[in-house]
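First comes the structure, then the notes that go with it.
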Amino acid sequence: MEPIIQVNQLAKSFKVYRDHKGYFGALINLFDRKYDLIKAVDKISFKIYPGELVGYIGPNGAGKSTTIKMLTGLLVPTAGELTVNGYIPWKERKDYVKDIGAVFGQRTTLWWDLPLTDSFDLLKRIYEIPDETFSKNYNLFREILALDEFMKIPVRGLSLGQRMRADLCAAFLHNPSLVFLDEPTIGLDVVAKQRIREFITYINQEKHTTILLTTHDISDISKLCERVLIIDHGKILFNGKLDALLSEFGGKRILSVDFAEHYPEPLLDGAQIIQRNGNKVIYSFERKTISASKLINQLSSKYRISDLEVRDQPIEDTIRRIYEERLLYNHSYGKENPPS
Amino acid sequence: MRRSLSLLFRLLRIQIRSQLQYPTSFILEVIGNTVVMGSFFVVFALTLSRFENIGGWTLGEVAFIWGITEFSFGMMDMVFSGFDYDAFGPMVRKGQFDQLLLRPVNITLQVLGSRFVLRNLGKIMEGLIIFLYGLSQIEAHWTVFKVLYIPILSISQVLFFGSLFIIGATTTFWTMERLEILNIFTYGGSEIMSYPMHIFPRAIRLVFTFLVPAIFLSYFPTVFILGKTDPLNAPEFTAFLAPFVGIAMLLIALRFWRFGVRNYQSTGS
């Protein structure tokens, strides 16, 4: 299958001017401007195939927005190649944007002063959506996203969650083959997040829309995306399945055991006791060194137990650890595109 | 193109409808604007009553040139609201312009349709009233050509002011902030065009002849229509350049605008 997004050695640098300080600083700036070249995106390459739902994550300032803006044609790359849907986004803007959708969580694509019904009607005309397609999508999205309660309210009067639902609806109305979602759940409560995730999953499965999702919220990724790209300091650090990443870096797992009787020193091979509280003992073990089932076998053959529980470290913790300890640097893991 | 235009009209219609949501308050606002703007002319008229005329022009004659300029500027301010750089600058800064670029429609039409300030009807009405007052006071040799030339002149002025707005909007791509200096040409230009221009110092006249060719859009044509003698001794054909100047300015402005859009780059965040 041909990839829908093809990015090859893509780079973008920004000039950041260093201003002279002091009384005459502004004047000197006119004649002598020094600048630093910031590599926001530093020679990244990846491919995305039709129908994929890919998560694009990384800490603040990692280069996510810059990438998305190049992909949508709002920024011209400094170097490298980029084709989406067969177009070079910034060169063929008007034709290219017909078949894509985009939601930027921080700002709306809708008309601020108009009720939603008017906004959607305008979009129908802008994208020349056939009546049948429009009413089918419109009715469907209205129901899934529960838009009816605020259809008549101007966008400026909507809550953040309502606005985001409306924006999502707007981005998918014209059946785009590819949609960019930039922080679609930012600042939303749990219920609103859930509704939006359900919508995204539904669209991806039913309409096979390719979706590139940028987010800070790791739970978005773990619930929605098969594949993730991790970017930091302008470089792609990881490209592959989230599970693979977690089993590599998931680190410690937690085993908590309630013993049926008191043991002074209930030792287990391959696990350390990290906490004791009466008959309740908590062990930690490495995913790589021993499996949970072996540990439990060992446990039940040596001791009498009444209850046990195995927990993973929360995904958020793992990802945070990957960012903070820069675990992916100098690591060849996951640099290649997975075969599709 | 036809599709884009029908989309533009739809955008404008929806905005007009939303601005007319509270009709009483809207009408009061328009009337208020008419009175406030008109008061400037009343003050001018009271001052002039002490001197009989200004540079050889009577109150009625000044009302003619003043009214037509106000009317055209009001029209332009309504039609070209989207390019008003006071509104367009923030639009670029807040990333709303990016959103327009993500839609498969001509960007110029989208900006044109992004804003339509209907309450400018106040200024338009005010201009019209002053213009009609001027007409009632003057005795000109009316010919069919002169009567037809008045609306052509007004349209040319709309294009002229609109071009200045477009140029102003384009500069915000680079500056992000509005450039105060441009107000000299837009708002200052419309002030200067409201008076018989020979009363101004030579330096100002030169600026508004060669840098911004405002004089061709008000003074020269009015001299012709009213049959005044021109102390500047400009050749007669200068009276008829208004539509050409208006169209040329628009073409230049649009070219600059397209250059700006082509070179526009969003921010990295």
Side-chain angles (χ1 to χ4, degrees), chain A residues 12-14 16 38 40-41 60-61 63-70 72-78 89-104 106-115 117-119 121-128 154 167 170-171 174 176 180 182 234, chain B residues 1-22 26 81-82 87 90-111 113-119 173-177 258 261-269:
Chain A
K12 177 76 196 175
S13 319
F14 290 104
V16 177
I38 304 291
V41 168
N60 281 332
K64 297 191 298 283
S65 293
T66 306
T67 317
I68 297 290
K69 283 192 171 176
M70 284 193 280
T72 48
L74 296 173
L75 279 176
V76 181
T78 318
W90 71 92
K91 280 194 182 155
E92 300 151 287
R93 180 189 74 81
K94 247 173 75 182
D95 289 320
Y96 166 63
V97 296
K98 274 181 195 158
D99 198 26
I100 66 161
V103 175
F104 294 94
Q106 318 272 20
R107 42 186 87 110
T108 181
T109 51
L110 302 165
W111 285 265
W112 200 240
D113 294 317
L114 302 184
T117 40
D118 283 337
S119 275
D121 182 57
L122 281 171
L123 288 170
K124 175 174 186 290
R125 283 153 207 278
I126 284 177
Y127 289 98
E128 298 179 287
D167 261 314
H174 55 294
F180 299 95
D182 191 4
Chain B
M1 193 62 194
R2 239 183 64 212
R3 183 180 76 88
S4 303
L5 281 180
S6 90
L7 186 69
L8 174 67
F9 289 131
R10 180 145 202 107
L11 271 171
L12 298 182
R13 208 166 72 213
I14 290 178
Q15 288 187 55
I16 291 170
R17 203 182 63 206
S18 92
Q19 286 174 47
L20 289 179
Q21 214 171 6
Y22 307 100
F26 176 78
S81 302
M91 195 166 143
V92 172
R93 262 203 314 281
K94 290 182 196 156
Q96 287 151 341
F97 185 70
D98 288 356
Q99 304 296 335
L100 299 190
L101 286 174
L102 290 175
R103 296 198 189 118
V105 182
N106 179 293
I107 190 70
T108 314
L109 285 182
Q110 284 196 74
V111 175
S114 68
R115 198 158 165 265
F116 192 83
V117 184
L118 196 61
R119 59 167 188 276
F173 284 136
W174 292 281
T175 59
M176 292 289 158
E177 305 285 335
R258 274 190 223 111
V261 171
R262 245 201 329 274
N263 287 282
Y264 167 75
Q265 291 230 23
S266 179
T267 54
S269 58

In terms of heavy-atom contacts, Arg93(A) and Leu100(B) come closest through NH1-O, 4.0 Å

Closest non-hydrogen atoms of Ile126(A) and Arg103(B), given as atom of the first, atom of the second and distance, are CD1-CD, 3.6 Å

Distance-minimising heavy-atom pair for Lys12(A) and Gln265(B)
NZ-OE1, 3.2 Å

Using every non-hydrogen atom in the two residues, find where Ser266(B) and Lys69(A) come nearest and quote the distance to one decimal.
OG-NZ, 2.8 Å

Side-chain donor or acceptor of Arg125(A) paired with backbone N/O of Arg3(B) under 3.5 Å:
no

Taking the side chain as every heavy atom from C-beta outward, state whether Leu102(B) and Phe104(A) have any atom pair closer than 4.5 Å.
yes

For Leu123(A), is it the side chain, the backbone, both or neither that has a heavy atom under 4.5 Å from a heavy atom of chain B?
side chain

Which answer fits Trp90(A), side chain, backbone, both or neither, if we ask what part of it has an atom under 4.5 Å from a heavy atom of chain B?
neither

Looking only at non-hydrogen atoms, find the nearest pair between Val97(A) and Leu101(B) and report the distance.
CG1-O, 3.9 Å

Region of Thr108(A) in contact with chain B, defined by heavy-atom distances below 4.5 Å
backbone

From Gln15(B) CD over to Leu114(A) CG, what is the distance, rounded to the nearest 0.5 angstrom?
6.5 Å

Structural part of Arg262(B) lying under 4.5 Å from a heavy atom of chain A:
neither

Cut-off 4.5 Å, heavy atoms of chain B, and the answer for Ala102(A) is side chain

Taken to the nearest 0.5 Å, the spacing of Gln21(B) CD from Asp113(A) CG works out to 9.5 Å

So Gln99(B) and Leu110(A), do their side chains get closer than 4.5 Å, heavy atoms only?
no

Could you state the interatomic distance from CG (Asp118(A)) to CG (Leu11(B)), rounded to the nearest 0.5 Å?
10.5 Å

Does any part of the side chain of Asp95(A), heavy atoms only, come nearer than 4.5 Å to the side chain of Pro104(B), both counted from C-beta?
no

Honestly, the part of Ile107(B) sitting under 4.5 Å from a heavy atom of chain A is both

Please determine whether the number of non-hydrogen atoms from other residues, nucleotides or ligands lying under 6.0 Å from atom CZ of Arg10(B) exceeds 12.
yes

